[in-house]
*Asks:* 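Once you've had a glance at the structure underneath, I'll fire off some questions.
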Amino acid sequence: MKKSIENVKYIEFEMINRDAILIDTEHLLNLSVENLHVSHKYDSFMQKLLEYKYCEFLYVLISKSAKEVFPRLLKEHDIIGISYLSVNKNLIDEIYVLWNDDEAEENSNQITKLNEKGNLEITIKGD
């Protein structure tokens, strides 16, 4: 069954320390997720095969109207993935990003900055 992202109301940024930042899609000016891949991993504790999606490139442009989330996103570069959520905040899909060093607390693939218009740009791309 194909998943549709037509009904996405929120984007949730997942951080390495399990923090999460929820953004209403009305504050998204641009979202680009490219070069998606799927991997499978058997979880012996859960005794099932899990599917993980990850992308090689993520670009997000968040409007300055959501500036209350900017300090956390600018302070630490530790996004591990994004989740698409419905209006009821049910998970639609989840995509992980490339992380350069498993031991690091920050993702060296992530660049976060304010642009000239005061909007927040997040770019995560692999080498």
Side-chain angles (χ1 to χ4, degrees):
M1 181 174 143
K2 245 184 181 176
K3 291 183 180 177
S4 172
I5 62 168
E6 294 173 2
N7 298 320
V8 173
K9 175 65 175 152
Y10 301 100
I11 300 292
E12 185 172 65
F13 293 97
E14 306 289 337
M15 312 306 190
I16 194 167
N17 66 359
R18 293 297 182 212
D19 281 351
I21 294 178
L22 193 67
I23 305 281
D24 191 304
T25 55
E26 71 184 29
H27 300 296
L28 286 182
L29 301 175
N30 194 340
L31 172 66
S32 180
V33 178
E34 299 176 16
N35 299 326
L36 280 172
H37 301 277
V38 176
S39 66
H40 296 95
K41 181 179 179 182
Y42 183 75
D43 185 313
S44 59
F45 179 74
M46 295 173 65
Q47 295 188 337
K48 68 180 191 177
L49 189 64
L50 302 175
E51 180 178 282
Y52 295 93
K53 289 183 185 177
Y54 66 95
C55 65
E56 293 181 22
F57 179 83
L58 172 71
Y59 175 78
V60 184
L61 181 60
I62 303 170
S63 169
K64 59 186 169 192
S65 63
K67 65 183 175 189
E68 67 277 355
V69 301
F70 288 9
R72 170 60 176 87
L73 291 168
L74 284 164
K75 180 180 175 188
E76 298 179 46
H77 298 129
D78 61 344
I79 295 172
I80 60 170
I82 62 168
S83 297
Y84 300 140
L85 305 175
S86 69
V87 69
N88 297 325
K89 298 183 181 168
N90 294 320
L91 181 65
I92 295 171
D93 207 355
E94 185 173 48
I95 301 169
Y96 294 95
V97 298
L98 293 178
W99 192 276
N100 198 27
D101 182 357
D102 287 341
E103 301 299 318
E105 293 294 316
E106 289 203 352
N107 189 350
S108 61
N109 294 325
Q110 180 179 337
I111 298 168
T112 306
K113 64 181 183 179
L114 291 175
N115 70 12
E116 65 283 350
K117 294 182 179 178
N119 300 314
L120 187 72
E121 291 185 28
I122 302 170
T123 305
I124 303 174
K125 62 180 178 177
D127 297 329

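The first residue in the sequence is number 1, and the count goes up from there.
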*Asks:* Would you please test D19 and E76 for side chain to side chain contact (heavy atoms under 4.5 Å, CB included) and show each step?
*Replies:* CA-CA 11 Å; D19 281 351; E76 298 179 46; 5.8 Å; no
*Asks:* I'd like to know if the side chain of N107 reaches the main chain of L98, judged simply by a donor and an acceptor atom lying under 3.5 Å from each other, with no hydrogens or angles considered.
*Replies:*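 Yes: the side chain of N107 pairs with the backbone of L98.
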*Asks:* Quick check against the 3.5 Å criterion: does T25 have a side-chain atom that pairs as donor or acceptor with the backbone of K9?
*Replies:*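 Looks like yes, one N/O pair under 3.5 Å.
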*Asks:* So which atom in F57 and which in K125 form the shortest heavy-atom distance, rounded to 0.1 Å?
*Replies:*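 What the structure gives for the nearest pair is CD1-CB, 3.7 Å.
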*Asks:* Please find the pair of heavy atoms, one from L49 and one from H40, that lie closest to each other, and give the distance.
*Replies:*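 Closest pair (atom of L49, atom of H40, distance): CD1-CB, 4.0 Å.
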*Asks:* Could you go step by step and tell me if W99 and D78 meet the side chain to side chain contact (heavy atoms under 4.5 Å, CB included) rule?
*Replies:* CA-CA 9 Å; W99 192 276; D78 61 344; 4.1 Å; yes
*Asks:* Using the side-chain hydrogen bond (donor to acceptor under 3.5 Å, both in side chains) rule, collect all pairs that involve residues 27-39, keeping only residues at least two apart or in two chains.
*Replies:*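 Counting only pairs at least two positions apart or across chains, the side-chain hydrogen bond (donor to acceptor under 3.5 Å, both in side chains) contacts touching residues 27-39 are H27-S65, S32-E34, H37-E56.
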*Asks:* Hey, could you give me the NE2/CD distance between H77 and E105, rounded to the nearest 0.5 Å?
*Replies:*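 Result: 14.5 Å between the selected atoms.
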*Asks:* Can any side-chain N or O of Q110 pair as donor or acceptor with the backbone N or O of I79 at less than 3.5 Å?
*Replies:*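 Judged by distance alone, yes, a pair lies under 3.5 Å.
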*Asks:* Please say which of V60, L120, N119 ends up in a side-chain contact (heavy atoms from CB on, under 4.5 Å) with L29.
*Replies:*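 Only match with L29 under side-chain contact (heavy atoms from CB on, under 4.5 Å): N119.
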*Asks:* Which atom pair, heavy atoms only, marks the closest approach of L22 to Y10?
*Replies:*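 Distance-wise, the nearest heavy atoms are CD1-CB, 3.6 Å.
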*Asks:* Which one of T112, L114, I21 satisfies the side-chain contact (heavy atoms from CB on, under 4.5 Å) criterion with F70?
*Replies:*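 Testing each of T112, L114, I21 against F70, the sole residue satisfying side-chain contact (heavy atoms from CB on, under 4.5 Å) is L114.
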